[in-house]
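Okay, so here's the structure we're looking at.
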Amino acid sequence: MKNLDQRYEKLLKQVKTYLPNIEEDRLYRAMEIATQAHQGQMRKDGSEYITHPLAVAEIAAEMGLDLDSVISAILHDCIEDTSLEYQQIKAQFGETVADIVDGVTKLTQMQYESKEEEQLENLRKMFLAMGKDIRVILVKLADRLHNMRTIEFHKPDKQREKALETMEVYAPLAHRLGMQKIKWELEDRSLACLDPVGYEEITEELNNRKEEREEFQTQIRERLEGHIAESGIEATIAGRVKHIYSIYRKMYTQHKDISEVYDLYAMRVIVNTVADCYNVLGLIHDLYHPIPGRFKDYISTPKPNMYQSLHTTVIGREGIPFEVQIRTYEMHRVAEYGIAAHWKYKSGVTGGQMDEKLAWVRQLLETQQDSDGEDFIRQLKTDMFADEVYVFTPKGDVVSLPAGSCPIDFAYSIHSAVGNRMIGAKANGKIVQLDYQLQNGEIVEVLTSSAGHGPSRDWIKIAKTSAARNKIKQWFKKECKEENIARGKEQLERELKKIGLSLGQEGMEEVLAAVCKRISFNAPQEMLASIGYGGLTLNRVINRIREEVARSSRVQQNDEKVVEKLVTTAKPKKAGSGVVVEGVDNCLIKFARCCNPIPGDSIIGFITRGYGVSVHRMDCKNVTEAMKNSDDLSRWIRVSWADEVRDRFQTTLQISAKERIDLVANVAVQLSQIKVPVHQMEARSFGDGYAVINLTMEVGGMDQLEFIIQKLRGVSGVMDVKRTLS
């Protein structure tokens, strides 16, 4: 308890450095209530749980957040992990604190069909709360940062799961909020979990070069200080090293060794005024040769996350390139703390400023309204990770878009009506194709027609931003209902023919009705329309149809004696593990290891002696052989997958590929990026330039397995990926 008192005193002292008139009794009461609520709870490292909320509050104070935020940080886990409720927090600390705590709280009481759906709903809840009060995400980032600092106490698979989520969601969020200091630490700590070998190699190399780096930076700093001081400009100059993940990413994407990464070093010059920034830029270019194309002016055109600075890359006397960042003290504070700097130095953000700075949050919320979990998570990662390109309207307004954006994205970022009436575009006065990639600084003009013919369906594939794609889909959904139904029907019929089925086939009406129910459509026509305008992927529908057809027709795949046994009037009853067993209630279920069935497979059950029902794939060799034994025919029983299967299942894949040094590493990286739990990985070389990798992993069903196979086929050198029986 003495240690906790010391931690509290440290926190109080920290907050008082920027809030001298703090209401100490509120802060102390929050500490008391949180300590009592978490009484008896322990962290993985063996410490009392209250040490975590206190650490989160210390990070919030380091950001310079207001008292309500610091109190919310202390209480942030109370609603989720203790008996304390929203109304009790509201009564003690007010509605603002209660709303922040509630916004950070995960939806732990809900049941979800998949991890992606759970992640989507928690992110949606957080974004909605964040749209009302930005402090929700600031507290959440502080929470995630401390969890990453103590992640070594979790199991390896949990470490990877948390690190991947941090890399995909929370580090990009910190970037979008301009909080570079937190972003860098989150990325580096995540990398240490996801690729510990790569992380250690870079760390070791940087440590080996430490003396050389410090000597180089000292020489540069002293020369800059002398030259700038002669001009009468006051400046603070410091050297820095590229953070580890940034080096790792450059090495991985550009296939370079660390010795080939030349911009490891950077100098930062901080001055008093904007005019001084440009004057210092001229002085630096007098001293060193600038590299063409490596100058960026983020002062006149700030990044969407409020970042402002001048960047120039020059070559030193030793022939070593290095970057120089020039900014004012105010710009530096915003670069470090992002939107949190407004609390630390300006006592909050006004409504108008907040609306402007959080416009991208509203866009993300609008984007995900008609998306399923997988689509939204993918769009979220794409939109937040993408680098920006800055272009101008003919009136001179700056428009920020993800790098690689085209005129279609530009038009829809202006207004839906502009995009829907677009017939062409100009960049710097020249007509360009609609798939032209916009470049920084271009003046873009959208050519429109009053005829109002609407967008082309091909635009959905061309557009880079999810916002543009969704607005195009919405137009087709609203304007072309009958056409969408006909188009969806045509596309579905074409795909069904590939698997030997037809919409006109007997029983297909019932199959489609069942599929509609499973994917939340009221009627087949509604589902077909969604396929037609691109709101629903064909792959998702086809997989559901496969499951329904297999469930209704698998009986016909066996001889007459088996059919007599399987076709029964007994009412199906649910057993465990997501399997429905004909006429049996609460029986033991086990999945045969000889064929590893997963949801989506045609399955059959065998009543074992003393071990319940063993579930096999219908195409299992053991099933074919066992059917020849007439004595055991009576023990085969009809089983099927339940409508909702939440368990995960082991399955095996075999990857055939051209042999190369980093093949296994690339496969492992791909699997980690799509969050696949791998139980075993074995690689064999055949000595003739070819290799085979055998994987044992967990999946939720056929949809996910096909997605994994598709991703693995995209790995360089992979020739084939197929599922094996065991």
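Bear in mind that the values here come from a model prediction, so they are computed numbers and not experimental data. When a residue number appears, it is its place in the shown sequence, counting from 1.
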Over 12 non-hydrogen atoms of neighbours within 6.0 angstrom of [atom1] in [X]:
| X | atom1 | result |
| --- | --- | --- |
| Glu204 | CD | no |
| Glu234 | CD | no |
| Tyr28 | OH | no |

Apply salt bridge (charged side-chain N to carboxylate O under 4.0 Å, His left out) to Glu187 and Arg249, showing your working. CA-CA 11 Å; Glu187 287 177 337; Arg249 192 176 177 190; 5.8 Å; no
Kindly indicate whether a cation-pi arrangement holds for Arg223 with Tyr288, taking the cut-offs as under 6.0 Å to the six-membered ring centre and within 45° of the axis.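 Arg223 over Tyr288 ring: yes.
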Against Glu165, only a single residue in Lys140, Lys675, Arg144 fulfils salt bridge (charged side-chain N to carboxylate O under 4.0 Å, His left out); can you say which? Arg144
Exactly one of Glu211, Glu205, Glu212 should register a salt bridge (charged side-chain N to carboxylate O under 4.0 Å, His left out) with Arg209. Which one does?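 By the salt bridge (charged side-chain N to carboxylate O under 4.0 Å, His left out) criterion, Arg209 pairs with just one of Glu211, Glu205, Glu212: Glu205.
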How far apart are the closest heavy atoms of [X] and [Y], and which atoms are they?
| X | Y | value |
| --- | --- | --- |
| Ile443 | Thr393 | CG2-O, 3.9 Å |
| Ala60 | Ala142 | N-CB, 4.3 Å |
| Val136 | Val104 | O-CG2, 3.6 Å |

Considering residues at least two apart in sequence or located in another chain, which fulfil the ring-ring contact (aromatic ring centres under 6.0 Å, His included) criterion with Tyr49? His38, His52
Donor-acceptor side-chain pairing of Arg189 and Tyr199 below 3.5 angstrom: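 There is no such pair (donor and acceptor under 3.5 Å, judged by atom type) between the side chains of Arg189 and Tyr199.
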Those residues that, when tested against Glu24, pass side-chain contact (heavy atoms from CB on, under 4.5 Å) (two or more places apart): Leu12, Lys16, Ile22
Just by distance, do the side chain of [X] and the backbone of [Y] share a donor-acceptor pair under 3.5 Å?
| X | Y | answer |
| --- | --- | --- |
| Ser246 | Lys242 | no |
| Asp409 | Lys464 | yes |
| Tyr18 | Leu65 | yes |
| Ser309 | Ile326 | yes |

Under a 4.5 Å cut-off applied to non-hydrogen side-chain atoms, are Thr312 and Glu323 in contact?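 No, too far: nothing below the 4.5 Å cut-off.
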Pair listing, ring pair (Phe, Tyr, Trp, His ring centres under 6.0 Å) test, anchored in residues 222-241, at least two apart: none
Start with the C-alpha gap between Gln219 and Arg221, add the side-chain angles, then the distance that decides, and say whether side-chain hydrogen bond (donor to acceptor under 3.5 Å, both in side chains) holds. CA-CA 6 Å; Gln219 290 175 357; Arg221 188 183 70 250; over 6 Å; no
